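Bear in mind that the values here come from a model prediction, so they are computed numbers and not experimental data. Throughout, a chain's letter reflects where its sequence line sits, starting with A, and its residues are numbered from 1.
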Amino acid sequence: MAVSRLARLAAQAPAPVYAAVGAGAQAAVDGLRADSRLRFVHSPRHATVLLVAGAVPAPFMPPLARVHDQLSHPRTTVWWTGEDPVTIAGLPTLTCLSAGDDVVARLTDAHRDLVYGDRATEEDLLPDVPPNEWRGVGENGQGGDGMMGGVPYGRPMAMTADDRDGLALDPLSLTLGPFLEWLPPGLELHVTLQGDVLTHVELGQNPWLQGAPLGAPVNIDEPLPHLQRTRAKLRYVARVLDLHGLPALAHRTYALANTLTPESGAQIGRLQHRLHRTTALRWSTKDVGHLSSQMLGSPGHPWNGDAMVRWQRAIEDARNLITEPDQGPGQNSDPSPDAADLAVLPALLTGMEFAEAVTTVVSLEVAPGLPSRLTRAPR
Amino acid sequence: MLTAFAAAFGATVGMAVAVLALRLYRADYDPAMLTWSRAVPILGGREPDTHAWSRYHARYLPMTIVLIAFEMEMMFMYPWAVVFVEVGAKAFIEMGVFLLILSIGVLYAWRERVFAWQ
Amino acid sequence: MTGAPMAAMAAMAPAFATQWWAIVAAWGGLAFGVYVLAVLDELSFGVVAGSGLRWRDTWRMPARRAALALSQSPSRTERPDQLLWILAPAAYAGLAVLALSTIPFAPGFAVADVRTGIVVFGAAEALTFVAVYLHGWSSNSALSLVGAYRFVAQGLSFMLVSMFVLIAVALPAESLSVGQIVESQHETWNVIRQPLGLPLFLIVGLGAAFWGPMNLPDSPDLAGGTAAEISGPMYLAWAFARRCMLVTYAAMSASVFLGGYLGPVLPGPVWLGLKSVLVMGLYVTIGHLVGRFRVDRFMTHAWMVLLPLSFGALILAGVVAL
């Protein structure tokens, strides 16, 4: 089949992947981010391949289907789990990967097949119906009485609420869903935005904490397990960098985390030195998301301080961990925070500007890369 | 002068038309694929409750009003810049005083927390 | 048609001939500049990320990524303002060309080197707020809307800085025309006699094209911001328009601070091109080494630090010019 020039060029570009991260898979996906054959995009609409990593419990299947439908054509899904492939009705071209598969190669193959037309694009999973039925009523087609009622084009307009100084402005209520890159896997935030300030924040249900069955976590290829905690800390710092407009430095840190050896202390030191000199990152994270011991319940909690202190501490810990001898898997040493600690978030995020809120959430290291932790019952 | 503006206008419109053509390339890519399901705004998986168009609280509104005052000052500075070297020190002193008065305005605005994110 | 208008148009025809060549040069230069910018971006990413300079891939990568964008499908949202959504990237690119048209490529060779070139440039800069805001607003998506309002905040904050800096370079030239400003740099470039000007104008350029540290409207924490809802050729048009604006600012910086087309051996346009590439290199390096600013902190900083600095630059320029 004569492949057009355009398709051949497009196939050689890095495969745009949107990562929907499930239980126990954050570390595995972070291991892929340093590969230059892939490009992890921020919005599903820019992706051709949806990478679903880890197990997704039943309550999160509808949002996953929504994210899948938001990808632009041609598209396909690659599901990376630690167990037998999952069959999903409506996705005949689903690729299922298990431990030991060369994930990057499979992703790039999927991308190439789509672009060349060898693989058909996937149909929608959710029905093609408007969100609400709407029959225009008013003279401009608006539904209901006047401007305030009804569901024009399927959704209501935002209702007015008093803001302050006698201003009557509109709050937007939305759910920042489970599959955004700056939220920990499975966390949903029900927020009310006035302008870009969060005036009301509620945490969504996180079924992974209530002991829902998860299946086996994704088997990360761990050649040196005793460097796992260092690796997790570095990946956390890389995530902070990525979401603060430093993708190149984030790439470097992810690559460092992948190629970690006991002799990498000098490289981590150089990275730390470089980050201590960045002014913009420190300016953006200083005095943001301050958590005190009272709020957290224990003085030695890893989340103590503001966002800047947290990421600086993380890279300091990474450098120390690599030099001192292995102290065991970490479950019995310093208490790693887990998702139950996220209950401080609503009080913390209320009143914050959006970017500040993102900085805060990203700076909270949750269940750092130890997949088994998520199967533990909450405290 | 007329030819210059006409040429600038022509160049602008030409580029705009070219980018428009790019934007509309393959706009007829299988309309059946522009489904309602795909049309939901990006929020990480859930649907929004309302349309996004709303009376948005632009937190920097007082700053825009201070900006307009400065814009009017800019209007005076454009011709001032052209005759500055001719007129000499007198123009320098005059504009210095003007800038000083406006700086006091900026300081006052800062004290009144105009530049804070309300 | 009567005789007099025909005669008038015939009289203007030779002038139009030069303008046609200048227009073609502007478009071509812009398109080539966008390609060079994309290559520089890839190179600087490779250097900062430690993945090395993969020369063979780098100069082919912009074409590959553009082809990828073209092979994806366009998208829609539930109730967009379709007309404005379509026009926004075209308007933004058109404004980049409008700003570029005030810049001369060689002595006397410009699309529109009018006596009030700086004013036209400032007008184009101001209208970018409309283009970017509409791009974020018209998709009727909450995160895009937040991005649109952020751009207006950042833009208004550095608008004045930009104007003060440009007025400062206009002082020694005694003219608002960019050609005259370039000519006034025969002895010394403005970057030397007005040291504060170029750093401030670099920030302005990054802000107007929302690149690197100023990428607030399209930022990752908004899932792509104003670009979250666009895909395929729509995305390519927007990415192209953004890079056009950055190239225009690079050319302007090169003209008013680095002497534009002035230079010893090579022809004028080549010098302008080399200097613009230098400024573009600075832009991409800053983009990869400096993190994204926060809009509320940046706004305060722009008004309380950058604006007084631009006052200082203006006063310094005034003293030097006298």
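Of the two parts of A/Pro44, neither the backbone nor the side chain holds a non-hydrogen atom closer than 4.5 Å to a non-hydrogen atom of chain C. Neither the backbone nor the side chain of A/Pro130 comes within less than 4.5 Å of any heavy atom in chain C. Contact of A/Leu249 with chain C is made through backbone and side chain together, with heavy-atom distances under 4.5 Å. Looking at A/Trp182, the atoms closer than 4.5 Å to chain C (heavy atoms on both sides) all sit in the side chain, from C-beta outward. Only the side chain of A/Leu172 comes within less than 4.5 Å of a heavy atom in chain C; its backbone stays farther off. Looking at A/Gln70, neither its backbone nor its side chain comes within 4.5 Å of chain C, counting heavy atoms on both sides. Within the 4.5 angstrom heavy-atom criterion, no atom of C/Asn215 approaches chain A. Of the atoms belonging to A/Arg282, not a single heavy atom falls under 4.5 Å from chain C. There is no contact between A/Ala11 and chain C, counting heavy-atom distances below 4.5 Å. Of the two parts of C/Arg150, only the side chain, counted from C-beta on, holds a non-hydrogen atom closer than 4.5 Å to a non-hydrogen atom of chain A.
Among residues 283-299 of chain C, the residues having any heavy atom closer than 4.5 Å to a heavy atom of chain A are, in sequence order, C/Gly287, C/His288, C/Leu289, C/Val290, C/Gly291, C/Arg292, C/Phe293, C/Arg294, C/Val295, C/Asp296, C/Arg297, C/Phe298.
Rounded to the nearest 0.5 Å, atoms CG (C/Asp57) and CD (A/Gln12) are 8.5 Å apart. Note that the CG atom of A/Leu6 and the CG atom of C/Leu68 stand 9.5 Å from one another [nearest 0.5 Å]. Rounding to the nearest 0.5 angstrom, the gap separating the CG atom in C/Leu143 from the NE2 atom in A/His42 is 13.5 Å. The OG atom of A/Ser36 sits 8.0 Å away from atom CE of C/Met61, with the distance rounded to the nearest 0.5 Å.
The shortest non-hydrogen separation linking C/Asp221 to A/Phe354 is O-CE2, 3.4 Å. Of all the heavy atoms in C/Gln72 and A/Thr48, the pair that sits closest is NE2-CG2, 3.3 Å.
With sequence neighbours excluded, the residues satisfying ring-ring contact (aromatic ring centres under 6.0 Å, His included) with C/Phe129 are C/Phe151. Applying the side-chain contact (heavy atoms from CB on, under 4.5 Å) rule to A/Ala255 yields the partners A/Ala34; only residues at least two apart in sequence or on another chain are considered. Partners of C/Ala237 according to the side-chain contact (heavy atoms from CB on, under 4.5 Å) rule, which considers only residues two or more places apart in sequence or in another chain, are B/Val19, B/Leu22, B/Arg23, C/Pro89.
Options A/Arg274, A/Arg39, A/His111 differ in how many heavy-atom pairs under 4.5 Å they form with chain C, and the most are formed by A/Arg39. Looking only at heavy-atom pairs under 4.5 Å with chain C, the residue among A/Gly195, A/Ala250, A/Pro131, A/Ser72 that has the most is A/Ser72. The candidate from A/Val362, A/Val358, A/Leu256, A/Thr359 with the greatest count of non-hydrogen atom pairs under 4.5 Å with chain C is A/Val358. Of all the listed residues (C/Gly225, C/Ala227, C/Pro220, C/Gly232), the one sharing the greatest number of non-hydrogen pairs under 4.5 Å with chain A is C/Pro220.
Here the options are C/Ser231, C/Ser71, C/Ser73, the test is side-chain contact (heavy atoms from CB on, under 4.5 Å), and the partner is A/His73; only C/Ser73 passes.
Distance alone, capped at 3.5 Å, places no donor-acceptor pair between the C/Arg65 side chain and the A/Ala13 backbone.
In this structure, the side chains of A/Ser43 and C/Glu229 stay at 4.5 Å or more apart for every pair of heavy atoms.
Between A/His46 and C/Tyr235, the two ring planes are tilted [angle within 30° to 60°].
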